[in-house]
Structure formats: structure tokens, C-alpha cells
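All remarks here apply to the structure that follows.
Owing to the predicted nature of the structure, the values given are computational and were not obtained by experimental measurement.
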Amino acid sequence: MVFDRRKFLKILGAGAVLSAVPQPVLFAAESRDTSRTVSRRKSDLPDLECDVIVAGAGPSGIPAAIAAARLGASVILVEEDMTIGGATTDMFVTYMCGAPRTGIYLDVVKELNRNHPVDGTPSTTMGDYAWDNRNHWWMPSAYLQVWNSLVAKYSNIRVLCGAPVVDTIVRDAGNRNVVKGVLVNRGGLSQRILAPVTIDATGNGIVSVKAGCSFYYGSDSKSDFNESIGMDKSDGKVQPCTQMYISQRVRKDARFPLELFRTGVLDDDDRLWASQQDEAYFEKKDTGAYLHWGATVDCPDTTDPVAVADAQRTALEKLRPNLEALHDAGFSTYIAPKIGVRESRRIKGEYVLTVDDILQGRMPDDLVADAWYSLDPWGIKLDEKLRNSVGPYGIPYRSLIPYGTEGLLTAGRIISGTRLAMSSYRVQPICGTIGEAAGTAAALVAGHETKVRDIDVREIQKTLDGYGIFDWYSKVGMKIDNKPWLH
């Protein structure tokens, strides 16, 4: 069943919770006023034009922009925050989990290890492929420096920060809308940015929604996509949000109150979480800086900034006792400006990636990104053995193409997949690789003056392979058949 988006928003405005929404939760593409087309849309500032627009300068959007630029495309990278970095800089999601660590994301990790280790000493175990079974995290300011230095290498990338997307410029073309660009807000003034290809890497899919794309929101039931595991009946909820923060020793006599933090605390370059360490080991390690998974709270609608801000205030209030205990113990705390959001919209694509695709390790013929991470659906109980049974699998190009829309690709956690599938590929190394694939595809589409559906997927695959994107498994001693174009 397809549901009306406007009715859904009206329900939320009345104070209802998402569980009140019928299932399955697929929201229909909104009809668009044909007068709001590229030819008639007006803006306050002069138009900008480029080959590829990337909306969202986070862990998937930045690799997308770099991938397109290295193929010669002119790129405009649009970001609502005042700095690039996304979750790494504004949500303090600075811990590396998931694999493979490859391509542009691997370049980031290696630079972080070389020049920005938390304790001042680069890890000697990480190696060339960042695979040493240790817990590594870095300061948000380190990510900011590294992301900016990588982007600065490309004169054909123009960065527009502080410019949230407020609309998508669409030309109605029969049964398929054609995205021609985006409209951004620059301090109350509007500006059109036009390009043959746009990549939605916003994390909430707002560009796709404004283009009229259908999307999924909230949990699925097993029957919705014929999945072998999952919920018998959807509760309509998304994964909860977590307020990340960092604590750092500021007094010489400071003693970390380990007894208060038996979960969700990491020091750097160690095999053990704080909850796995005894007090003697913990004090001997003595890094003096710790990454915290703070209070976790539900948010009824993670697509609504007001609801997310409300959730953050709730989380901060829950954190108060721990923050006060750390202060009394001699530690300063640095709270992420934004609460960490794990899940938002999932844009319906040409193919919906399912949890069974992941559990069975499928390598689709149109594979454009590798992925390997456990199922991690906060808020859903899964058998622990099953949760951790995931092996390598592939991300299909079809999941990056929004259904019924041309000139648009998606990247990161918003690609087309079920909620359980998304819980695996939502982590940064995988989102980064998806972004790199989307940027490569977009540059090829623009260069060939063709459509996102008409580009030869083999050209995308071979171009990525030329950068060594699919060689990570072999580099770490794993025999994985992840190159379908060779068969």
C-alpha cells in the first residue's frame, strides 16, 4: 500500500507517533506543479552551472565529489552546515567500523593515522589497509582538516557551505521526472545550481523527495520484501539517536569514573572497549581522551529538524549526571553539536537491497561498491550469532538510481534498501565507497551526455577497478569473488 506524504506530516503535526502510521511505510512520489520547472523557476542570485552537483558534504558526499572531479567533471559540493564533514564533524561519529576500508575513505583514514592520532603517536598496527582489529577514532577537528585538504586538491570542486537545499529543480518528462539541479538558500536569498547530474548525499534524502521520488521510512515487516528475518509487523519506528561526546583529562589527579561507563566508551588504538577492561588495565593505558556513545533516545521523525532538536535536548538532560561526574573527576567534555541520527528516509530505487542479499553474500552483476559489516539495527532484537554472520556482499548500481526519476543518483545510507539491510551498509567506510561509485557514475554520465540508466555499468566498474577500489579483500588476505565483470 502507498501512503500520502502530506497526510503523514499532518498526523505528526498533531502529535501522533510513527507507530500510528499503517504499514508498509512507503510514501508515494508527490505530484509536482508543472509550472515549477527549470525554465520558469526564479532565484535571487545568479545561476551556477556545473557537470555534477553533490548535495551533502559528509562521508559519502565528499568522496562522491572527489570521484567526479578526478574524472574531470566540474563539481559543486553543497552543504547546509558551515563546514564540510557531516557526521564526522557535527555528530562526532569519528570511530571507524565496517569494511572494506578502500578508495578515498582509506586515504582519509591513513592521513588521520599519520598526522592526527589522538595520543600523538600513529598506530603501528594499522598498516596500509587499516585492518588490525583495533578500535580507532579521531578528533572531529582532525576529520575537518583532512576532508578539507583532500577537497582542496581539486580546483574543479567548488564548495558551498551554509547553503541548505530548499528545492529540487525538475523538468516534467512524461512518466519520468528529470532532475536539472537544486535550489539553495544563501542567507535568505535563493540560488539555482544547474547540472546534468545531481547526487543526493544529504543523509535524509531531501533532494530526492523534492524531486518527487517515493521513499521508505521506518521499520519493515518480513512480508514487505519477502525477507527471511525481521519483524512480523512493522512498528513504524526508525533506529534511535545517540548523543556522542568526548571526555578529556584536564586535572593531573583526574581519575576516570569507569564504574559509571560500562558501555559505550572507547580509548584509542586498543582491542578492548572500556566495558571489557579491568580498572588496572584501563589506568595503565591512560590515553586521557575517550569517545562516548552518550544518551540514546527515540525520535518520532528524523526527517524533521525540530523533532531531532527536541530529541537532542532530551538526550542532554539524560546525560547530565554523567557529565557532572566527569567534571567532578577532573575531565572536560565536548558535546557533539548535533545528535547522531542513524536512520532517515530510504529512497525507492530500481532495486531494493534486502537483508537476504546481505546474509547470502550476493555479488550482483551491477556491483559498484563492496560492503562488509554486521547487521546493526538498534531497536530490533536479532539473534547475536545471526547478527554477526554477515560476510562480504555487493551494492548494486540499481539501488543508487531513484525509481521513476532521471538525472539523479543517491549515495550513503539513503540508497534503496530495507531497514535491516541499511543497518549494515550505513557505516562510513561503506557509505564512502558508495559515494565514490556515485561520483564516478555521475561524471561518466555527464561526460557522455547520456542518462544515469543508459551509462554502461561495466564502464563504471572498470573505472573504479582502475583505482583499486575492489582490491581491498585480496590485500588483507581474503579470497572474495567481487568482480562480476570478469565472468
Side-chain angles (χ1 to χ4, degrees), residues 12 15 17-19 81-83 85-95 97 118 135 137-144 203-204 237-268 270 272-279 282-283 285-344 376-380:
L12 286 178
V17 296
L18 276 173
S19 58
D81 291 342
M82 292 301 175
T83 61
T88 59
T89 54
D90 61 26
M91 297 178 186
F92 287 14
V93 185
T94 63
Y95 169 56
C97 57
V118 172
N135 296 313
W137 66 276
W138 296 269
M139 292 293 182
S141 58
Y143 273 96
L144 178 60
N204 62 15
K237 294 181 179 179
V238 294
Q239 297 179 67
C241 303
T242 295
Q243 180 64 58
M244 303 291 289
Y245 67 99
I246 294 166
S247 65
Q248 189 169 25
R249 179 180 291 108
V250 292
R251 275 201 338 244
K252 290 182 179 180
D253 64 340
R255 175 194 167 274
F256 191 91
L258 184 60
E259 65 277 2
L260 298 179
F261 300 96
R262 286 299 175 183
T263 60
V265 179
L266 275 184
D267 49 19
D268 181 51
D270 201 297
L272 303 176
W273 287 63
S275 58
Q276 299 170 313
Q277 302 174 24
D278 59 37
E279 190 165 345
F282 189 85
E283 291 182 357
K285 186 73 170 67
D286 197 30
T287 59
Y290 304 95
L291 179 66
H292 295 252
W293 277 249
T296 295
V297 297
D298 288 323
C299 178
D301 185 2
T302 57
T303 71
D304 179 7
V306 174
V308 174
D310 289 343
Q312 183 164 27
R313 283 194 294 273
T314 300
L316 290 173
E317 188 60 31
K318 288 180 67 175
L319 276 179
R320 185 187 300 274
N322 285 352
L323 298 178
E324 291 176 351
L326 284 165
H327 177 269
D328 293 342
F331 284 79
S332 182
T333 52
Y334 311 94
I335 301 171
K338 291 185 177 181
I339 194 169
V341 176
R342 292 184 175 86
E343 182 180 352
S344 188
D376 192 19
W378 288 51
I380 298 179

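Distance alone, capped at 3.5 Å, places no donor-acceptor pair between the Gln243 side chain and the Ile335 backbone. The closest donor-acceptor contact from the side chain of Gln239 to the backbone of Glu343 lies at 3.5 Å or more, if one exists at all.
In this structure, Trp137 CH2 and Leu291 CG are separated by 5.5 Å, a value rounded to the nearest 0.5 Å. To the nearest 0.5 Å, atoms CG (Asp90) and CG (Asp81) are separated by 4.5 Å. Considering NE2 of His292 and OH of Tyr334, their distance stands at 11.5 Å, rounded to 0.5 Å. The line from NZ of Lys338 to OG1 of Thr89 is 8.5 Å long, rounded to the nearest 0.5 Å.
Thr296 and Thr242 share a donor-acceptor pair across their side chains, judged by distance under 3.5 Å alone. Thr303 and Asp301 share a side-chain donor-acceptor pair at under 3.5 Å. Looking only at atom types and distance, the side chain of Arg342 has no donor-acceptor partner in the side chain of Thr302 under 3.5 Å away.
Residues Val93 and Thr88 are not in side-chain contact: their nearest non-hydrogen atoms beyond the backbone lie 4.5 Å or more apart. Looking only at side-chain heavy atoms (C-beta outward), Ile246 and Pro140 come within less than 4.5 Å of each other.
The aromatic rings of Trp138 and Tyr143 sit perpendicular, their planes meeting at an angle over 60°, well past the 30° parallel limit. Using a 30° and 60° split on the angle between ring planes, Phe256 and Phe282 fall in the tilted class, from 30° to 60°.
Among all heavy-atom pairs drawn from Val118 and Ala289, the shortest one is CG1-CB, 3.8 Å. Closest heavy-atom contact between Gln312 and Ala336: NE2-O, 3.5 Å. Ala315 and Ala295 make their closest contact through O-CB, 3.4 Å (heavy atoms, listed as atom of the first residue, atom of the second, distance). Gly203 and Ser344 get closest at one heavy-atom pair: O-CB, 3.4 Å. Nearest approach of Leu272 to Gln277, heavy atoms of both residues: O-NE2, 3.1 Å. Of all non-hydrogen atoms in Leu258 and Ala274, the two that sit nearest each other are CD1-CB, 3.8 Å.
In this structure Asp270 satisfies the side-chain hydrogen bond (donor to acceptor under 3.5 Å, both in side chains) test together with Tyr281, sequence neighbours excluded. When the side chain to side chain contact (heavy atoms under 4.5 Å, CB included) test is applied to Asp298, the partners found at least two apart in sequence or on another chain are Pro240.
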Could you list the donor-acceptor pairs under 3.5 angstrom formed by side chains in residues 322-329, with sequence neighbours left out?
none

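None of Trp273, Phe261, Tyr245 except one satisfies the ring pair (Phe, Tyr, Trp, His ring centres under 6.0 Å) rule with Trp293; the exception is Trp273.
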